[in-house]
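Encoded as structure tokens, the structure appears first; notes follow it.
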There are 2 protein chains.
Amino acid sequence: MDKELLKGSTGILLLSLLSEGPMYGYQMVKELEQRSEGIFRFKEGTLYPALHRLEAEGLIEGRWEKRENGPDRKYYYLTSKGGQALAERAKEWGVFRRAVERVIGSGLMLQGQQEGV
Amino acid sequence: MDKELLKGSTGILLLSLLSEGPMYGYQMVKELEQRSEGIFRFKEGTLYPALHRLEAEGLIEGRWEKRENGPDRKYYYLTSKGGQALAERAKEWGVFRRAVERVIGSGLMLQGQQEGV
DNA sequence: CTATATACATCGCTAATCTAGGTATATAAT
DNA sequence: ATTATATACCTAGATTAGCGATGTATATAG
């Protein structure tokens, strides 16, 4: 996966997962990898700072869960503000996606007819 | 337009335009704005460095055109290497787009049923 | 002569990602 | 016992992309 395309979409991906219910970080990485069929492989250096940013913005909230049989987990919950932000970002994503495809759509039809320099 | 989503997609947008024929920078800004119905408004501090990067990678090539009635223009041409890169990126875009929508798609159906914290 | 549009460019700032490293618990293998 | 692997969190430093600001220059409109 081209890492560049990922930039700017981590927020909506994480918020989307949490809109279905609370999850902890490590679980989110696995979920994203599974759902995207291996396309998204979040690094820890990307994930945790991203979660902290979202929490600082008040879009999610983290709560530690103590465990006996393994390392403690920090479960994140979507706040109501986060739910609103998700709705906005989902709308923006649609706008962005359509804009990209209007631009690259026409160009792609020329594939094979194009002469390089 | 959310500037974050733009990151990583400037390359494919510029290459797409040039796949239809040579263009100069200023023209590309206007073209993108028009085609995206105002969504993409490339700043000069974004565009010119991006073009220089693509040229440094050998994906495009710039040639100055002298003019009598106005400032000179630097026309960019897609190289054959650039054509290949565009094909790859277009494929990647499709993969990426589908992956994002598999993730956010399910969450969006829950809109309105979700309780904030 | 001033403002606007065209047309190129760079500098410094900010923000997001990655690499690499760290801590800690539990289990499986040697 | 010790080593490896998986789980589970974290951060520091480097890199990179986009943006605001600014600069240069030409042509036209008021």
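All of these numbers come straight from a predicted model, not from anything done at the bench. Within every chain, numbering begins at 1; the chains are lettered A, B, ... in the order of the sequence lines, protein sequences first and strands thereafter.
Between the CZ atom of B/Arg53 and the P atom of C/dA9 there is a distance of 14 Å, rounded to whole Å. The distance between atom NZ of B/Lys43 and atom C1' of C/dG12, rounded to the nearest whole Å, is 18 Å. Here the P atom of nucleotide D/dC10 and the CG atom of A/Leu47 are 9 Å apart, to the nearest Å. Rounded to whole Å, the distance from CG on B/Leu13 to C1' on D/dA17 is 14 Å. B/Leu14 places its CG atom 13 Å from the P atom of D/dA17, with the value rounded to the nearest Å. Atom-to-atom, CZ of A/Arg63 to C1' of D/dC9 comes out at 19 Å; the value is rounded to the nearest Å. B/Ile12 has its CD1 atom 13 Å from the P atom of D/dG18, to the nearest Å. Between B/Tyr75 atom OH and C/dA7 atom P there is a gap of 8 Å when expressed in whole angstrom units.
The shortest distance between side-chain heavy atoms of A/Arg97 and B/Arg97 falls below 4.5 Å. With a 4.5 Å cut-off on side-chain heavy atoms, B/Ile60 and B/Tyr77 do not count as touching. Side chains of A/Arg73 and A/Gln27 form no contact here, defined as non-hydrogen atoms less than 4.5 Å apart.
The side chain of A/Trp64 approaches D/dC10 more closely than any other nucleotide in the set C/dT17, D/dC10, C/dA7. Distances were taken from every side-chain heavy atom of B/Thr10 (C-beta onward) to each of C/dT17, D/dG18, C/dC18; the shortest belongs to D/dG18. Counting only heavy atoms from C-beta on, A/Arg73 has its side chain closest to D/dT7 among D/dT7, D/dT11, C/dA7. Relative to the side chain of B/Arg67, the nucleotides C/dA24, C/dA7, D/dC19 differ in distance, and C/dA7 lies closest. Here the nucleotide nearest the side chain of A/Tyr76, chosen from D/dT11, C/dA24, D/dC10, is D/dC10. When each of C/dT10, D/dC9, C/dA7 is scored by its nearest atom to the side-chain atoms of B/Pro49, the top-ranked nucleotide is C/dT10. Relative to the side chain of B/Pro71, the nucleotides D/dA25, D/dT7, C/dC8 differ in distance, and D/dA25 lies closest. Minimum atom distance to the side chain of A/His52 is reached by D/dT11, of the listed D/dT11, C/dA24, C/dT17.
A/Gly25 comes within 4.0 angstrom of sugar-phosphate atoms only, judged by non-hydrogen atoms across all strands, and of no base. When heavy atoms are screened at a 4.0 angstrom cut-off, B/Glu65 is found touching no nucleic acid atom at all. Residue contacts shown for A/Gly45 include a base, since a base heavy atom lies under 4.0 Å away. A/Glu44 comes within 4.0 angstrom of a base, heavy atoms only. Residue contacts for B/Phe42: at a heavy-atom cut-off of 4.0 Å it reaches no nucleic acid atom on any strand shown.
Between A/Asn69 and A/Ala50, the residue whose closest nucleotide on DNA chain C is further toward the 5' end is A/Ala50.
Within the 4.0 Å cut-off from OP1 or OP2 of C/dT6, at least one side-chain nitrogen or oxygen of B/Tyr26 is found. Distances shorter than 4.0 Å separate none of the side-chain N or O atoms of A/Tyr48 from OP1 or OP2 on D/dC10. The phosphate of D/dA8 (OP1 or OP2) has no side-chain N or O of A/Lys30 nearer than 4.0 angstrom. Residue A/Tyr24 has a polar side-chain atom (N or O) positioned under 4.0 Å from OP1 or OP2 of D/dA8.
Residue B/Val103 is tested with A/Ile12, A/Leu13, A/Leu14 for a side-chain contact (heavy atoms from CB on, under 4.5 Å); the sole match is A/Leu13.
Scanning for ring-ring contact (aromatic ring centres under 6.0 Å, His included) contacts around B/Tyr24 gives B/Tyr75, with sequence neighbours left out.
Between A/His52 and A/Tyr48, the ring planes lie tilted relative to each other; the angle falls in the 30° to 60° range.
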